[in-house]
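All values below were derived from every heavy atom in this structure, side-chain atoms included, with hydrogens, water molecules and symmetry-related copies excluded. Indexing begins at 1, ligand by ligand and atom by atom, following the structure's order. Residue numbers count from 1 along this sequence. This is a predicted model, so every value here is computed, not measured.
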Amino acid sequence: MLIDNGHSRALLIPESHNLSGFPEGISGRDYLSLLREHARFYGAALIQGRIEDLQKTPEGFAAHSTNTSFAARSVLLATGVTNKRPDIDDDTHAKALGRGHLRYCPVCDGYEVSGQNVAVIGTGDRAVCEAEFLRSYTERVTIISNTADDFDDDLRRRLGRINAAIRLGPITAINLRENGLEVATADESEIYDAVYPALGSSIHSRLAKILGASASDDGCIKVDRHQRTAVKQLYAAGDVVYGLDQISVCNGQAAIAAVTLRNDLGEERPLLWPLSSGARSRGS
Ligand SMILES: Cc1cc2nc3c(=O)[nH]c(=O)nc-3n(C[C@H](O)[C@H](O)[C@H](O)COP(=O)(O)OP(=O)(O)OC[C@H]3O[C@@H](n4cnc5c(N)ncnc54)[C@H](O)[C@@H]3O)c2cc1C
């Protein structure tokens, strides 16, 4: 069974052009519908709900939502992350995303902003790395610190090397315009074709941590190369583990986790196709 409370990051993808098999592109919403249809077709139960607590039991696990409990021999956590947003109201945020003026994944869609006037919101190594990455697609990259935080000498040197403009925050307003997203600071206002917030993410690893699984300093669940966490029969895949946050990577990790999970279950109790009535087992 799949228990999901429906806030996939993929829902924010207006149209992805880097998913194998979809040369014309596909929206995140349509892609998720296909995945659900696929899972249902092969018998998975899809349950809308949020798991608040996960406990070990003698048989495996008990997962508790506010009003129901589910028993499982194994659990795969694919709980994802949530990108931290700049201060924009929900409606503007959704419209800006839909029009491609607000973006969260340079690796996914950087080529779509080729030659455009692009801003990265953030500071520190993360934001500078994004600016450096985007600079391979356009010569017009500006980095805007969300707070008054300055950039240290090293970061300024790196930004100088790619000829990126620096604007110091705090940001006072972000408004959607016909031709882009307007970002205002105390002394300046500019419209960008595309704005990439690089403000970090909240990583949904709480359920793994409750059970004592290890996590990195930033909160990603640690797994071995078979997607096993430090807790027996608990696996993790997707953005919630450390790696390139891409659907193709999530799918690959999920495939590895599924095979490992099945094989581990077989170690515990052999997985055997039931004997048909009348058939004699070998050796009898
Ligand atoms: C704007 C944008 C554009 C992107 N474009 C692309 C692209 O073009 N190509 C690409 O490959 N990737 C793209 N990505 C990245 C891609 O969306 C993610 O890598 C992918 O969705 C991660 O999948 P996941 O299953 O790990 O997490 P998610 O898709 O985020 O799913 C996690 C699910 O777990 C649920 N959940 C969390 N905690 C609980 C709980 N306690 N109980 C029940 N449910 C829970 C959440 O509600 C959510 O539905 C983009 C991301 C964004 C934001």
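- Close approach of ligand 1 to G238 (heavy-atom distance below 4.0 Å) involves ligand atoms 26 (O).
- Note that CZ of R158 and CD1 of I143 are 9.0 Å apart. Values are rounded to the nearest 0.5 Å.
- Near G6, with a cut-off below 4.0 Å to any heavy atom, the atoms of ligand 1 are 47 (O), 49 (O).
- Inclusion of S16 in the set of residues having an N or O under 3.5 Å from an N or O of ligand 1 is warranted.
- At the top of the distance list for atom 9 (N) of ligand 1, counting protein heavy atoms only, stands N18 OD1, 2.6 Å.
- Closest protein heavy atom to atom 13 (C) of ligand 1: C108 SG, 3.1 Å.
- Contact annotation for L207 and ligand 1: only side-chain heavy atoms (C-beta onward) come within less than 4.0 Å of the ligand.
- V75 shares a hydrophobic cluster with M1, I3, I47, I51, L54, F61, F70, L77, V81, I203, L207, I210, L211, I221, V223, V231, L234, V240, V241; the chain of contacts runs through ILVMFWY side chains whose heavy atoms sit under 4.5 Å apart.
- Ligand 1 has at least one atom lying under 4.0 Å from a heavy atom of I13.
- Nearest-residue assignment for atom 32 (C) of ligand 1 (options S8, A63, A78; heavy-atom criterion): A78.
- In terms of modelled atom types and a separation under 3.5 Å, the side chain of T82 and the main chain of S202 share no donor-acceptor contact.
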Q: Show the numbers, then the answer: is there a side-chain hydrogen bond (donor to acceptor under 3.5 Å, both in side chains) between N18 and Y111?
A: CA-CA 10 Å; N18 76 342; Y111 87 99; over 6 Å; no

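- Nearest-heavy-atom check against atom 36 (N) of ligand 1 across D53, I247, N5, D245 picks out N5.
- Residue I174 holds its CD1 atom at 7.5 Å from CD1 of I144, rounded to the nearest 0.5 Å.
- Residues V118 and V183 fall into different hydrophobic clusters, defined by Ile, Leu, Val, Met, Phe, Trp and Tyr side chains chained together at heavy-atom separations under 4.5 Å.
- Looking from atom 39 (C) of ligand 1 to the surrounding protein, the closest heavy atom is T79 CG2, 3.8 Å.
- Using a 4.0 Å cut-off between heavy atoms, A10 contacts ligand 1 through both its backbone and its side chain.
- Ligand 1 lies within reach of R50, whose nearest heavy atom is under 4.0 Å from it.
- Ligand-side atoms of ligand 1 in range of I3: 43 (C), 44 (N), range being under 4.0 angstrom from any heavy atom.
- Evaluated by nearest non-hydrogen atom to atom 23 (O) of ligand 1, the leading choice among S248, A254, C250 is C250.
- A donor-acceptor pair under 3.5 Å is formed between the side chain of H101 and the backbone N or O of D193.
- Considering both main-chain and side-chain atoms, D109 never comes within under 3.5 Å of ligand 1 through any nitrogen or oxygen pair.
- Remark: the backbone N or O of H204 is paired with a side-chain donor or acceptor of T79 at under 3.5 angstrom.
- The shortest distance between side-chain heavy atoms of R228 and T260 falls below 4.5 Å.
- Ranking the protein heavy atoms by distance from atom 27 (O) of ligand 1 puts G80 CA, 3.6 Å first.
- The residues R157 and D154 are annotated as salt-bridged, a charged nitrogen and a carboxylate oxygen being separated by less than 4.0 angstrom.
- Both the backbone and the side chain of D239 come within contact range of ligand 1, each with a heavy atom under 4.0 Å.
- The protein heavy atom nearest to atom 41 (N) of ligand 1 is I51 O, 2.9 Å.
- Between the CG atom in D30 and the OG atom in S16 there is a gap of 12.0 Å [rounded to 0.5 Å].
- Interatomic distance, L261 CG to I256 CD1, rounded to the nearest 0.5 Å: 13.0 Å.
- In N83, the part holding a heavy atom less than 4.0 Å from any atom of ligand 1 is the side chain.
- Of the N or O atoms in R9, one or more lie within a sub-3.5 Å distance of an N or O in ligand 1.
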